[in-house]
Amino acid sequence: QVQLVESGGGLVQPGGSLRLSCAASGSIFSIYAMAWYREAPGKQRELVAHIPSSGTANYADDVKGRFTISRDNAENTWYLQMANLKPADTAVYYCYAEVETSVVPGIRSRFQYWGQGTQVTVSS
């Protein structure tokens with residue numbers, strides 16, 4: 001089994017900063033892609049930031065220059081550093097990973113996993 005546990009959400013004033021963390025554990029051979037998504041009330045879940053094994057990160061246009069995604073492969077952990085937060089950033093944030101694991105003994109397969117979500121609220 002592979003489990004993603006995220007943390008770091010909370011209430012912050014506009015212009016403030018937060019750092020979200022996601023740690024993967026279980027039968028992990030490798031993690032190919034790590035990402036962060038967010039879901040605001042009444043809106044679809046959207047991709048915020050993505051970082052593949054190559055290390056070249058991609059960001060949604062409305063967070064580019066403010067958010068930074070990074071990964072620590074040795075610890076199977078990745079982060080989302082959020083700066084200059086705006087009320088529009090308020091959402092539940094979910095971490096995501098494409099993981100090479102073994103569900104059937106002796107066979108390696110790539111599966112998608114999600115964290116449980118953490119609330120980020122930006123308000124004065």
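Both backbone and side-chain heavy atoms feed into the values below; hydrogens, waters and symmetry mates do not.
- Note that CG of N76 and OG of S25 are 9.0 Å apart. Values are rounded to the nearest 0.5 Å.
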task = Let me see the working for Q116 and E6 under side-chain contact (heavy atoms from CB on, under 4.5 Å), right down to the final yes or no.
result = CA-CA 7 Å; Q116 80 280 8; E6 59 185 287; 3.5 Å; yes
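- Closest of all the heavy-atom pairs between S124 and P14 is N-CD, 3.7 Å.
- The two residues A40 and A91 come nearest to each other via the heavy atoms N-CB, 3.8 Å.
- Listed by chain and residue number, Q119 satisfy the side chain to side chain donor-acceptor pair (under 3.5 Å) test with T121 (two or more places apart in sequence, or in another chain).
- Residues satisfying the ring-ring contact (aromatic ring centres under 6.0 Å, His included) test with Y96, not counting sequence neighbours, are Y37, W114.
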key: Criterion side-chain contact (heavy atoms from CB on, under 4.5 Å) on V120 and L18, from CA distance to verdict   = CA-CA 9 Å; V120 173; L18 284 174; 3.9 Å; yes
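- When hydrophobic residues (I, L, V, M, F, W, Y) are linked wherever their side-chain heavy atoms come within less than 4.5 Å, the members clustered with V104 are I107.
- Neither L80 nor V92 shares a network with the other; the hydrophobic side chains, linked directly or stepwise wherever heavy atoms of I, L, V, M, F, W or Y lie under 4.5 Å apart, form separate groups for each.
- Between A24 and L4, the closest heavy-atom pair is CB-CD1, 3.9 Å.
- Take A88 and apply the side chain to side chain contact (heavy atoms under 4.5 Å, CB included) test, not counting sequence neighbours, and it matches no residue.
- For Y79, there are no ring-ring contact (aromatic ring centres under 6.0 Å, His included) partners two or more places apart in sequence or in a different chain.
- Annotation: side chain to side chain contact (heavy atoms under 4.5 Å, CB included) contacts of S17 (sequence neighbours excluded): Q81, A83.
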When the side chains of residues 47-63 are checked against the rest of the protein, which donor-acceptor pairs come out under 3.5 Å, sequence neighbours left out?
unit_1: S53; atom_1: OG; unit_2: Y32; atom_2: O; d: 2.7
unit_1: Y59; atom_1: OH; unit_2: I69; atom_2: N; d: 3.0
unit_1: D62; atom_1: OD2; unit_2: R38; atom_2: NH2; d: 3.1

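- No side-chain heavy atom of F67 sits less than 4.5 Å from a side-chain heavy atom of N84.
- Side-chain contact between M82 and Y93 is present, with heavy atoms from C-beta onward closer than 4.5 Å.
- The shortest side-chain heavy-atom distance between W78 and S70 does not fall under the 4.5 Å cut-off.
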inquiry  = Walk me through whether V99 and F111 qualify under side-chain contact (heavy atoms from CB on, under 4.5 Å).
reply    = CA-CA 5 Å; V99 180; F111 289 92; 5.7 Å; no
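- Residues satisfying the salt bridge (Lys or Arg N to Asp or Glu O under 4.0 Å) criterion with R19, sequence neighbours excluded, are absent altogether.
- Here the closest heavy-atom approach between residue M34 and residue T77 is recorded as SD-O, 4.2 Å.
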task = Under the side-chain contact (heavy atoms from CB on, under 4.5 Å) rule, what do C22 and W36 come out as? Steps first, then yes or no, please.
result = CA-CA 9 Å; C22 188; W36 289 93; 3.8 Å; yes
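- Residues V122 and Y94 do not share a hydrophobic cluster, clusters being chains of Ile/Leu/Val/Met/Phe/Trp/Tyr side chains in contact below 4.5 Å.
- Within the structure, salt bridge (Lys or Arg N to Asp or Glu O under 4.0 Å) pairs that include any residue of residues 91-103 comprise E98-R110 (at least two apart or interchain).
- A search for side chain to side chain donor-acceptor pair (under 3.5 Å) contacts involving R66 returns D89, not counting sequence neighbours.
- Sorted by first then second residue, the salt bridge (Lys or Arg N to Asp or Glu O under 4.0 Å) pairs that include residues 67-78, not counting sequence neighbours, number zero.
- Summarising the hydrophobic clusters (Ile, Leu, Val, Met, Phe, Trp, Tyr; side-chain heavy atoms under 4.5 Å, direct or chained), the residues clustered with F29 are none.
- A heavy-atom distance below 4.5 Å is not found between the side chains of S102 and S27.
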